[in-house]
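Scroll down for the structure; my scribbles are underneath it.
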Amino acid sequence: MQKISENIKELKPFEHKTHRNVWLRFLLVAFIFIVYSIFISMKYGAGEGFLLSWLTWSFFVLSTPIADAGFLLAFPLRLILKVRMFTSEIYITIVAIVLNFFMYFLKPELYNKTALLTIFKHIIDQPFPMWIIFILSAIGTFMSVKFGDELFDVVKHEDREFHQKHHKKHKLVFMVFLFAITLVMYNILLNKMGIEIG
């Protein structure tokens, strides 16, 4: 407990521009998750709302090539316990998989409650080719948290700025590539489901 309190005292969330951006991103994601959880709980009740909120969270952890859903847990763990986000993201991914394993067999009807979870269930139901989405998402997510860890590891602000600029272009190109392939896979899935966008 003493180590945790010392780590909290060391936190200087708005000291550097990079830290400000990360904190604002975290607060935005946390706000969206809380508002969504309240809305879904009001619609379906506290019990089902709780499960639906975490199933939706697991969708974003497993099926999108960004780390924002896992970031809800990985970022505080990095700041308070000094656990690398890459490491915590591994455990977060395992938790999301285990959650869906149980819900898929014990409460499959939950996946029909929202459009997002219906799409998620269709992905789970079709290992080939739809699980490619899981693979692409994992690559994008772990690349994002690795980049985030590297920014935290750089001590000096000017070094962090250099590191950020140096890696930004490569990361952007790769992430656009991942997003493009993922969107193609989602388009194939939606067409199979008879859903047209646009």
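We're numbering straight along the sequence, starting at 1.
- Interatomic distance, Tyr104 OH to Phe120 CZ, rounded to the nearest 0.5 Å: 11.0 Å.
- Hydrophobic clustering places Leu99 together with Ile97 (ILVMFWY residues linked when any side-chain heavy atoms are closer than 4.5 Å, directly or through intermediates).
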Could you tabulate the donor-acceptor pairs under 3.5 Å formed by side-chain atoms of residues 131-138, not counting sequence neighbours?
{"residue": "Trp131", "atom": "NE1", "partner": "Ile123", "partner atom": "O", "Å": "3.0"}
{"residue": "Trp131", "atom": "NE1", "partner": "Ile124", "partner atom": "O", "Å": "3.2"}
{"residue": "Ser137", "atom": "OG", "partner": "Ser63", "partner atom": "O", "Å": "3.3"}
{"residue": "Ser137", "atom": "OG", "partner": "Thr64", "partner atom": "N", "Å": "3.1"}
{"residue": "Ser137", "atom": "OG", "partner": "Ile133", "partner atom": "O", "Å": "2.7"}

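- In this structure, the separation between CE on Met103 and NZ on Lys121 is 14.0 Å, given to the nearest 0.5 Å.
- No side-chain heavy atom of Leu110 sits less than 4.5 Å from a side-chain heavy atom of Leu117.
- Side-chain contact between Val61 and Thr141 is absent, with no heavy-atom pair separated by less than 4.5 Å.
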Return a table of donor-acceptor pairs under 3.5 angstrom between the side chains of residues 39-46 and protein atoms on other chains or two or more places apart.
{"residue": "Ser41", "atom": "OG", "partner": "Ser37", "partner atom": "O", "Å": "2.8"}
{"residue": "Tyr44", "atom": "OH", "partner": "Lys113", "partner atom": "O", "Å": "2.9"}

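- A donor-acceptor pair is defined here as one N or O able to donate and one able to accept, closer than 3.5 Å; such a pair exists between the side chain of Asn191 and the backbone of Asn187.
- The distance from the CG atom of Leu28 to the CZ atom of Phe26 is 11.0 Å, given to the nearest 0.5 Å.
- What you find for Ser53 and Tyr36 is that their closest heavy atoms are CA-CE2, 4.1 Å.
- Val98 and Trp54 fall within a single hydrophobic cluster, where Ile, Leu, Val, Met, Phe, Trp and Tyr side chains are chained together by heavy-atom contacts under 4.5 Å.
- Phe50 and Val95 fall within the same hydrophobic cluster, where Ile, Leu, Val, Met, Phe, Trp and Tyr residues are linked whenever their side-chain heavy atoms come under 4.5 Å apart, directly or through other members.
- In plain terms, the two heavy atoms of Tyr111 and Leu55 that are nearest each other are OH-CD2, 3.6 Å.
- Linking Ile, Leu, Val, Met, Phe, Trp and Tyr whenever their side-chain heavy atoms come within less than 4.5 Å leaves Ile32 and Val29 in two separate clusters.
- In this structure, the separation between CG on Asn100 and CZ on Phe105 is 11.0 Å, given to the nearest 0.5 Å.
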Atom pairs and distances, side-chain donor-acceptor, residues 86-94, under 3.5 Å, sequence neighbours left out:
{"residue": "Ser88", "atom": "OG", "partner": "Arg84", "partner atom": "O", "Å": "3.4"}
{"residue": "Ser88", "atom": "OG", "partner": "Met85", "partner atom": "O", "Å": "3.1"}
{"residue": "Thr93", "atom": "OG1", "partner": "Glu89", "partner atom": "O", "Å": "2.8"}

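- Hydrophobic clustering of Ile, Leu, Val, Met, Phe, Trp and Tyr side chains at less than 4.5 Å, counting indirect connections, keeps Ile38 apart from Leu116.
- In this structure, the separation between NZ on Lys107 and CG on Leu52 is 9.5 Å, given to the nearest 0.5 Å.
- Annotation: the span from Phe101 atom CZ to Leu106 atom CG amounts to 8.5 Å, rounded to 0.5 Å.
- You'll find the side chain of Leu73 reaches within 4.5 Å of the side chain of Trp57, heavy atoms only.
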